Amino acid sequence: MLYIKCPWCGYRDDAEFHYGGEAHIKRPFDADSLSDEEFSEYLFQKSNTKGLTLERWVHTSGCRKWFNVLRNTVTNEIIEVYPSNQLPHSKAGKEYYKSNWRRQSATERFTILQAEK
Amino acid sequence: MANAALPKQKDSGISPLDKLIKVIGGAKDSGIFLKECRHTGKLILRGDPSNDLFMKETSKVLAYKLPLTPNTFLKNNEYTSVWLGPDEWLVNSLPGDESLLERDLNIALTDVHHSVTNVSDNSTIIQLSGPNARSVIMKGCAVDIHPRVFNPGDAFQSNLAAASVIMWQLDLIPTFNIMVRASFASYLWKWLLDAGAEFGVQIQQ
Amino acid sequence: MKKPRINYGMQGLRSEKEKYSIFSLARNAFTHHENWAQAWKSPEPKTEYDIIIIGGGGHGLATAYYLASQHGIKNVAVIDKGWLGGGNTGRNTTIIRSNYMWDESAGIYEHSLKLWENLSQELNFNTMFSQRGVLTLAHTEHELKEMNRRVEAIRLNGIDSDVLNPAQIKKLVPIIDINPNLRYPVMGGFIQRRGGTARHDAVAWGYARAADSLGVDIIQNCEVTGFNIEKGKVTGVETTKGSIKAGKVGCVVAGHAGVLAGLAGFRLPIDSRPLQALVSEPIKPILDTVIMSNSVHMYVSQSDKGEMVFGAGADSYNSYAQKGSLNIIEGMLAAAVELFPIFSRLRMLRSWGGIVDTCPDASPIISKTPVDNLYFNCGWGTGGFKATPGSGHVFADLIARDEPNSIAAPFTLNRFVSGYLIDEHGAAGVAH
Amino acid sequence: MTMQRFRIKDLGQVDRSKPLRFKFDGKFYEGYRGDTLASALLANGIHLVGRSFKYHRPRGLLSAGAEEPNALIQVGEGNSTDPNTRATQIILRDGLTVTSQNRWPNLTFDLGYVNNLIHRLLPAGFYYKTFMWPASWWMRYEYWIRRVAGLGEAPKGADPDRYEKNHAHCDVLIVGSGPAGLSAALAAGQTGARVILTEEQNSFGGSLTYNTDCTIDGSPAFEWVKRTVATLSSMPEVILLKATVTTGYYDHNYMTLLETTDNDNQTGSEYKTRQRLWKVRAKRVVLATGQIERPLIFRDNDRPGIMLSASMRAYLNRYGVSPGNRVLLFTNNDDAYRTAISLKKNNVPIAGIVDLRSDPDGELVDQVRSEGITIYPGHAIVSTAGYLRIKSVKIMQLSQDGTKLIGSMKKIRCDSIGMSGGWNPTVHLFSQSGGKLKWDEELAQFLPKTAAQNLVSIGGCDGTQGLTDCLKTGFKAGAEAARATNNKGRAPRLPKVIEPKYNNQRTIWLIPPERANKKIGKYFVDFQNDVTASDISLAAREGYRSVEHLKRYTTMGMGTDQGKTSNVAALAILGETLGTNAPNIGHTTFRPPYTPATIGAYAGRNLGLLFDPVRTTAMNECHKELGAKFEHVGQWMRAWYYPKPNETRQQAVNREVKAARDRVGILDASTLGKIDIKGPDAAEFLNRIYTNAWLKLAPGRARYGLMLKEDGMVMDDGVTTHLNPGHFHMTTTTGGAASVLEWLEEWHQTEWPDLKVYFTSVTEQWAVASICGPNCRKLLSDLAPDLGLSNEEFPFMSVKEGNVAGITARIFRISFTGELSFEINVPRRYGAELWNALMQEGKKYDICPYGTEAMHVLRAEKGFIIVGQETDGTVTPYDLGMDWIVSKTKHDFVGKRALKRSDIIKNDRKQLVGLLTENEKEVIPEGSQIVETPTTAPPMAMVGHVTSSYYSPNCNRSIAMALVKGGKEKIGQTLHIPLRNKTIKVTVTDTQFFDKEGIRLDG
């Protein structure tokens, strides 16, 4: 049973959360202009990393907030947890984020825009 | 259209456990005391605490500032406010007072993006008390409620057995209020009776 | 459904020198069993093969065997990073059935089941394929209706399937509780009598031995570290035992398909998740059928050794840790005791986890890839073991002909682009 | 009852004042409180306790602990019998009834022994090589194989006992209460840290319960144990758990402990718990699990009477039981000397010590010599004799290099043997935690290497030898663990310890035969599964050379003891066979549970009524009073239909369906999901989440919406109403309530956080009675005379608020039946009151309650879909013929792009159509498959299936909906539904069967 630190409620068993798959997936703004292949990449292709991965969880039985987790899928070690409108803070998290092929979700874009205002 | 208000009389209608709680009683020296807090007023309040106006206006209505520390609650004689999330609170009132509170909050927050939703009937509160109350909860809840980390004033949302609950500790007896959705109340009640059986359960009015 | 033209007859073990039988056992008893040949050799890799199969599990070994036996391609190597059958082949609950709802799934699983029916004889290795029946339970009105849809589809595909009422189920499975007042009462079920179980390790060993006898090189403890790709075409693999050239490469690595695809430079629509199983201590026979219950996420059978073999649902999160969360096990065992009250006092002996590669539609991928001459067979989710012979058979055909046959055709990667998914979630509940 | 002939006066920790009677194989015996079944049997001189799995050889107790492979016992009878229980872990209680298992007709004469006689035909893996001819006979072979296999018998009925679960959190969890574990607990406990100490045996102390030759601070070591346990008991934050097996080490220091609580000292009560499963989240874990002694592997080393040396000492010193009348010791290290000294002290005759070491020395050896006990240095046991109990052995001298036996053979009489082949650290939990092991050549042990979680291994399981060092590391680890978890304090002072010193051992894994090619007898490595040294070399010869292949091919280590005494020796023998050593072979992975754990404990009390919540609505009692039949819809119980006396289901449903259209019907619609949506951007949000347009919906008006997944497939539907500006009331399907709310939150939080909107679940805030039919307006106006219900005042798809029967209500004029209809929402507490008022007032209109079945018929008559029935996750709005609800102009909505994919826009997709049977009375079974051209027998090519099918009393015929390949094009055509016994001919139609013009909506 994973022990996940909800950024708001603190440590809880994984049974309290729902898994939301890969984090930082960019939803195409103008999907109509994409080919079926390009759209399929957004819809179905996975990083499915063996090792460090950035993923989404939601604290279903608690505050119902979505957040991101940097976890090692081999050891299940959790390196960091951060709200879904933020970017990873740890060195490993930043590196993984940079190597991600489709980073910057709408939430981040929004947050970045807000910060720029 | 105005929000559906509840009639004034405080104890009318049927609470989720009315039909289930048949026998009131049990040994005086029981390790567990159980009762249903019928028709407590319950509002879900949503708003952005970083908005000063939201905090100011809500504290005017409640007579205190909404708790911002996760997993805590604050109360006075009228209202109990439980932190549920970074932009969500449960505000309890005495039975029947919730409509007024709902109206007051909505008026106070007219210019602020917020929501107040009356959920008084969406769930009920089971009060679990007694020297063995902690042991009973630990049978079905993975949150640490040891007195070193959990005391009167503390609260959490989690699962108790197979029910989703909001729970907060009132005193050092200890006494816990367990809020559970109406349709899960009878399940949880039976579960608590069964879990408490080894300590003896007294059912209270 | 179009019938594939497949010879289901006995192929026979090509090498006669070491045929297993009661007579060879008796003969060897006189020499204290000191003269048995190796079931398979463990050669060092050659510099070049016509075809390399990556992954020495059941599917990979079966692919190599059928390449040699059906297509006459014998310059083949199977390479595995660990020991044969060490992945999901050796970690599953050994259930075999073909009663799937969609035509496409029925096609591949029934093809497989037919091959199972002669497998021990064909491989000259007892895989202990036991056609004791697989009974799937329904616990609600809604499930009964869903069941009818499935049963009718299965029947019209020419696959055996019988509907049973609670009394008939009780007769077949005397230890089951059919009390109608249960929270999830047994309201009915359907059985595929040709379904059953097999000895999972024996399947890998049997294919390995048979493939070896046909000239296939089986290379263990050899991990693939990269693909050599020239002008969009695979020319070989880099391994911990050096470079090996190959005309074609087939990749069958359940649990690690995404990792291997990454090495080849493309991505797959696959999530790798933990799936847990456990066995009880052995006891005298009490259950002669495989029981599956989707609405309470539990399936159970009794092994020949006497252990109750339990399977649970998959955990929700991706993980390569080969272990899952305890609450999955707790929920599954509560369901088991609810249905079979006598299980309560049995003891869990061993629990373990496998890594299942799941596709968005819970159906497998048997496909060419963006790299020429590189083929992937993956994404079997929780349903891989039962498909072993059929999967190997059609994959060998795909590699040999560079073109999928009618059974494999629906399972290409392109379906995720065009939207032609074969969604086994909807009606199958948990697709085991 | 027989006397306890082998009980030694005044020795051990059993309570002589509490004799207990028990029955073994039908015969009564006596033991004492504090005994295990094993010690009590030995006290009565019983060594023979079981038969082995494959060869049915007579077997005795090998050990005194959890590692026991042989003594598997059937405990109790009837519904509370426990098969395969290790006698060493059965706590003796009065009236205990146990039987030996897997033998027929009895333990001393077992016909299964025939397997031993034909053993040559049964080498490892023999079953893979035979039973293949004729092919059809496997099921017959299997029938007999299954009956021969298996061990004990399952109970006959439901378990009468209760099992509890308990969550716990602690700073430090310490596993094992030997010297290392106890001292760690003491050091951690005195800082005030929250400590849990677990011990699998029924009393604390580990090896100190039987190593009586040590003193701590001048008194016997066991006194220190008692003192320490007393001190720990007085610490409020320390939890001491005995008879508690730490079964699993999961991720993030999550541990399972299985506590057996029904020991003899508990008073019985109705709610007595048999076992309690603790689920502990520990900040730090200290593993002090000790070591397990290894057997020596020599010819026929499995005869009853042969046991492990330290176990023999445990029976002696802990339970006061003498192992026999003439004890031989066989060892490769000093442990047997320690046992010999204890035996001698208690006047148990000793036949000598056979020592593999050619030149044993040191204080223990000297002491043994001075006691006049014969030592055979550099010797080994060649063979053993005795069928039901060891009678004698033959010994020979070992060559210098240990590979041969030399010299002459000497026979020694004995009735028991204590053997010691060295020790295996108990690294199971460490390995479960994900830690990697390393091979220590000098100790010939696998030891913990790198920890993968927040834990520390101390004492024997970390390779530490000797009491002093165990205490030292224990204190250090306990104090460190406490500090690491923010507790302050110092380690206790190290007491003064006097203990015997051990010298090196001589590791010889397999005792050679007297002649190199001598092939008789069996050298058992795995006792329970009868795996011998020659099985291991056979496996290696045949190519099964990885550890896992060896294990799976020979079944080595796969018994109920999971190879606790055998794994390492097997690896070493495999290594020697392959010419390498143990670490190069590797080791198998240990997985939970450490010892077999009761399934009932994992199920806990979540059974029966508490298996899964049953959810009911506020009107549930009303339905019960009306005699409703219920159906499960997810966790909900919904009224299905309301049969009158002698009415069949079909008759009842027909009646209800008619009444709803002819007069007035009432349905409990409370289970529909309801979400309160508030905020200035609420409409914009709905516009993105639903397929149709929402920006222009006026307050007071409602609209039907369809939600898609991002892949374009229908996910949920429902009516959403604009109550006040920026305030919406969304309804979802019953099953979708929770998932839709989560869906909305997900999109809001992760994709559109800029939208100002909040969602709150109000599913259970409202009880909903839906009334429909021509008289429903009259009925409602009777109860709400001021409301204004005309079509002008209260048009279709709008909402009003007002009093109904004196209850403040929200009334929605929406319809799922195609009839004039009102959905009356009142706070849950008034749900029953509303229902009763409507039923009472409705009498004059002959109101009829209808259930979910009639509701399904009514909506099907109108061709309305049910998500989950017409859809299964593979159906788009176009497939449903609902193109009208998919906006062509919106820039975006969830699922929009996916609808344009090449296979989604094809015309031959399965599309929703109506089906009419040739015979109007014939109702097609739901789920039936449809073909274009039926053949006499399967296979047949299917073109679709029937999603809904009912008899419609309003249409006076059967109706059905179906998803049919290219269905839209097939309207008017004939299709066939081949059932098992007949084929039904159907005509394809549209999906509207009743009131196609929709005139009934307005009453």
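Residue numbering restarts at 1 for every chain, and letters A, B, ... go by the order of the sequence lines. Only this structure's heavy atoms are used, side chains among them; waters, hydrogens and symmetry mates stay out. Small disclaimer: the values here were computed from a predicted structure and weren't measured.
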*If you tally heavy-atom pairs under 4.5 Å against chain C, which of Thr595(D), Thr81(D), Val946(D), Ile145(D) wins?*
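Ranked by heavy-atom pairs under 4.5 Å with chain C, first place is Thr81(D).
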*Given that the side chain runs from C-beta out, which part of Ala335(C) has a heavy atom under 4.5 Å from chain D: side chain, backbone, both or neither?*
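Both parts, backbone and side chain.
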*Which bit of Glu143(C) is near chain D, if near means a heavy-atom gap under 4.5 Å: side chain, backbone, both or neither?*
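For Glu143(C), no heavy atom lies under 4.5 Å from chain D.
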pair [X]-[Y]: side-chain heavy atoms closer than 4.5 Å:
X         : Y         : result
Arg345(C) : Arg274(D) : yes
Arg347(C) : Asn84(D)  : yes
His142(C) : Glu631(D) : no
Val931(D) : Leu156(C) : yes
Ser325(C) : Asp251(D) : no
Glu281(C) : Leu151(D) : no
Leu538(D) : Trp36(C)  : yes
Met128(C) : Met132(D) : no

*Should the ring pair His549(D) and Trp40(C) be called parallel, tilted or perpendicular, given that the plane angle runs from 0 to 90° and is split at 30 and 60?*
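It falls in the perpendicular class, over 60°.
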Does the [X] side chain pair with the main chain of [Y], one donor and one acceptor, at a distance under 3.5 Å?
X         : Y         : value
Arg183(C) : Pro613(D) : yes
Lys284(C) : Ala149(D) : yes
Gln562(D) : Arg350(C) : no
Ser546(D) : Trp83(C)  : no
Glu142(D) : Ser130(C) : no

*May I ask you to check if Lys906(D) and Tyr420(C) form a cation-pi contact, with NZ or CZ under 6.0 angstrom from the six-membered ring centre and within 45° of the axis?*
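Cation-pi check for Lys906(D) and Tyr420(C): fails.
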Below 6.0 angstrom between ring centroids: does that apply to [X] and [Y]?
X         : Y         : answer
Phe129(C) : Trp138(D) : no
Phe590(D) : Trp352(C) : no
His945(D) : Trp102(C) : no

Non-hydrogen atoms of chain C under 4.5 Å away: do they reach the side chain of [X], the backbone, both or neither?
X         : answer
Val148(D) : backbone
Gln74(D)  : neither
Tyr128(D) : both
Tyr553(D) : both
Thr598(D) : both

_salt_bridge(Asp288(C), Arg146(D)) N-O dist < 4.0 Å_ =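 A salt bridge links Asp288(C) with Arg146(D).
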*So, Glu926(D) and Lys145(C), do they make that salt bridge, N to O below 4.0 Å?*
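Yes, charged N to carboxylate O under 4.0 Å.
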*Do the side-chain N and O atoms of His33(C) and Arg120(D) include a donor-acceptor pair separated by under 3.5 angstrom?*
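No.
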*Among side-chain atoms of Tyr127(D) and Asn126(C), is any donor-acceptor pair under 3.5 angstrom?*
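Side-chain D/A pair, Tyr127(D) to Asn126(C): absent.
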